[in-house]
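Everything numeric here is computed off the predicted structure, so don't read it as measured data. Per chain, numbering begins at 1; letters A, B, ... match sequence-line order.
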Protein chains: 2
Amino acid sequence: MKTTPEHDSPEQDHDEPAAGPDAGLGTRERIVRAASRLMQRQGYEGTGIKQISREANATLGSVYHFFPGGKQELATEAIRHGDREFAGMLRTALESRPDPAEAVLAAAGLVAAELRASDWLDGCPVTATSLGTAANAPGIRLAAAEAFERWRGLVHDRLLAAGFAAQDARELAHTVINTLEGAELTAQIARSEEPLLIAGRHLARLIDSYR
Amino acid sequence: MKTTPEHDSPEQDHDEPAAGPDAGLGTRERIVRAASRLMQRQGYEGTGIKQISREANATLGSVYHFFPGGKQELATEAIRHGDREFAGMLRTALESRPDPAEAVLAAAGLVAAELRASDWLDGCPVTATSLGTAANAPGIRLAAAEAFERWRGLVHDRLLAAGFAAQDARELAHTVINTLEGAELTAQIARSEEPLLIAGRHLARLIDSYR
DNA sequence: ACCCCTCTAGAACGAACGCTCTATCCAGCA
DNA sequence: TGCTGGATAGAGCGTTCGTTCTAGAGGGGT
């Protein structure tokens with residue numbers, strides 16, 4: 001299994017030819033990414049620590065070295081990783097058009113495209129991980145709530161910049177994120193981009209109605 | 001543990017004073033209800049067959065007698081149960097107001113009230129069960145897709161009856177269900193009714209914009 | 001009286017779970 | 001050169017998992 005000797009900072013691996021797309025990253029980062037991807041697809045309970053360590057090309061010892069809090073701490077970090085990932089995509093989409101309604105439409109299309117590209121496997125990285133653990137693990141629920149809040153904040157700021165009233169922007173941000181969330185869920189289960197495309201059009205229409 | 005001797009039809013239990021709200025029901029029905037409730041709160045992987053049988057006051061033998069397909073068959077049936085349950089609530093709400101926009105607003109309020117009443121434990125009965133099992137269990141995914149389709153159908157018919165164009169009704173039904181779904185998810189994680197109440201208002205506004 | 005069939009009952013199986021533990025490796029420093 | 005501490009390595013703990021299996025309970029039909 002031998003991995004790169006490393007000290008938490010990403011460095012090139014000059015001795016390991018075959019590896020996944022995460023090769024050359026620090027062990028800790030590889031573990032977080034593997035956890036995020038696996039929990040996104042299989043949920044918290046459906047993903048084992050040993051599977052994560054295997055997928056990350058790390059050993060069980062490394063996992064517990066970096067995450068002494070065990071599975072829950074790892075899941076919290078995985079959610080934060082998914083949070084940052086989706087926030088980046090959302091920010092890009094929102095800045096891609098001068099008009100906020102068109103920007104939201106573009107965001108929905110982007111989500112749909114990525115979902116299809118993953119063969120309907122990669123839904124919302126936060127939902128799958130946090131669902132079913134809300135009651136037991138408050139830390140996980142909190143991280144998920146913060147993710148949603150951050151995404152809402154991005155939409156909110158975008159609407160404010162476009163001249164929307166503060167209250168309208170706040171409420172629209174709620175519905176934009178929630179509708180995208182629900183539509184992605186349905187799209188994943190139905191294996192169809194349509195729910196997301198419809199959601200994009202309806203959200204654009206809703207936003208326009210506040211002008 | 002002794003349970004009611006019964007032949008699949010619900011009958012009164014004259015000998016068992018202390019029991020849950022499902023007492024007096026047939027064993028099979030008790031098992032389905034326990035599975036549905038537990039999976040709604042803990043997800044598919046987070047819920048064990050033994051926990052279900054314990055909660056249902058049934059034995060492992062009974063579970064495998066009624067559901068020889070094992071956990072997957074049981075989960076499929078649990079989703080169908082949640083489907084019928086939510087469909088009933090949705091139908092009631094949709095028929096509670098003469099105006100379809102107001103009816104959707106009422107539905108959102110009802111979902112919010114029930115979610116809060118359960119101490120934020122009972123989210124969508126279909127989502128939690130089906131998430132994380134989409135790839136592995138096609139039967140479960142299919143049952144979930146059918147549930148969403150049924151709910152959409154209820155909204156669709158309601159809009160048609162109110163005179164909306166077929167295409168508008170179809171697309172609005174998509175977004176109504178998806179937005180409620182996403183808002184309920186956010187409401188559960190944030191422990192706040194607000195996302196659902198905002199969703200209700202926005203959906204009413206969106207529907208009105210098609211008149 | 002007998003059988004039959006549905007349903008209940010729970011012990012037992014191998015596998016996988018999260019986690020603990022000790023041992024080893026190795027770069028950096030004294 | 002030897003020490004130190006972060007990082008790696010994986011055997012093994014007790015528990016729980018989904019499932020299988022055999023045994024018995026009990027009412028109806030003949």
Residue pair A:T127, B:L131: steps toward the side-chain contact (heavy atoms from CB on, under 4.5 Å) verdict:
CA-CA 9 Å; A:T127 306; B:L131 254 198; 3.6 Å; yes
Treat a base pair as Watson-Crick or G-U wobble with both distances under 3.5 Å, then lay out DNA chain D in dot-bracket form, 5' to 3', with | for cross-strand pairs.
.|||||||||||||||||||||||||||..
Return whichever of A:T47 or A:G61 has its heavy-atom-nearest nucleotide of DNA chain C closer to the 5' end.
A:T47
In whole angstroms, the gap separating P of C:dC17 from CD of B:E45 amounts to 10 Å
Which whole-number value in Å describes the distance from B:Y44 OH to D:dC17 C1'?
12 Å
If I take atom CG in residue A:L60 and atom P in nucleotide D:dC13, what distance separates them, rounded to the nearest angstrom?
15 Å
Side chain of B:F66, heavy atoms from C-beta onward: which of C:dT8, D:dT20, C:dT20 has the nearest atom to it?
C:dT8
In this structure, how many angstroms lie between the P atom of C:dG18 and the CZ atom of A:F67, rounded?
15 Å
Does B:S62 have a side-chain nitrogen or oxygen under 4.0 Å from the phosphate oxygens OP1 or OP2 of C:dT8?
yes
The single option from A:D122, A:L121, A:I79 that satisfies side-chain contact (heavy atoms from CB on, under 4.5 Å) with A:Q40 is A:D122
When the distance from CZ of B:R28 to P of C:dT6 is rounded to whole Å, what number comes out?
15 Å
Contacts of A:H202 that satisfy ring-ring contact (aromatic ring centres under 6.0 Å, His included) - sequence neighbours left out:
B:Y210
Starting at NZ of B:K71 and ending at C1' of D:dT19, how long is that distance when rounded to a whole Å?
12 Å
Does B:R80 have any salt bridge (charged side-chain N to carboxylate O under 4.0 Å, His left out) partners at least two apart in sequence or in another chain, and if so, which?
B:E77, B:E146
Pairwise 5' ranking along DNA chain D for A:K50 and A:H65, keeping only the more 5' one
A:H65
A:I52 CD1 to C:dC17 C1': how many Å, rounded?
12 Å
Looking at B:T27, does any N or O in its side chain come under 4.0 Å of the phosphate oxygens OP1/OP2 on C:dT8?
yes
Among the candidates D:dG12, C:dG10, C:dG18, find the nucleotide nearest to the side-chain atoms of B:T59.
C:dG10
Atom pair distance, as rounded to whole Å: CG in A:N57 and P in D:dA7
18 Å
At 4.0 Å (heavy atoms only), tell me whether A:I49 reaches a base, stays on the sugar-phosphate, or touches nothing.
sugar-phosphate
Only pairs at least two apart or in different chains count here, so list each salt bridge (charged side-chain N to carboxylate O under 4.0 Å, His left out) that has a residue in residues 166-176 of chain A.
A:R170-B:E194, A:E171-B:R201
Can you name the side-chain contact (heavy atoms from CB on, under 4.5 Å) partners of A:A87, sequence neighbours left out?
A:D83, A:R150, A:W151, A:L154
The complete set of side-chain hydrogen bond (donor to acceptor under 3.5 Å, both in side chains) pairs with one or both residues in residues 107-117 of chain B, sequence neighbours excluded, reads B:R116-B:E193
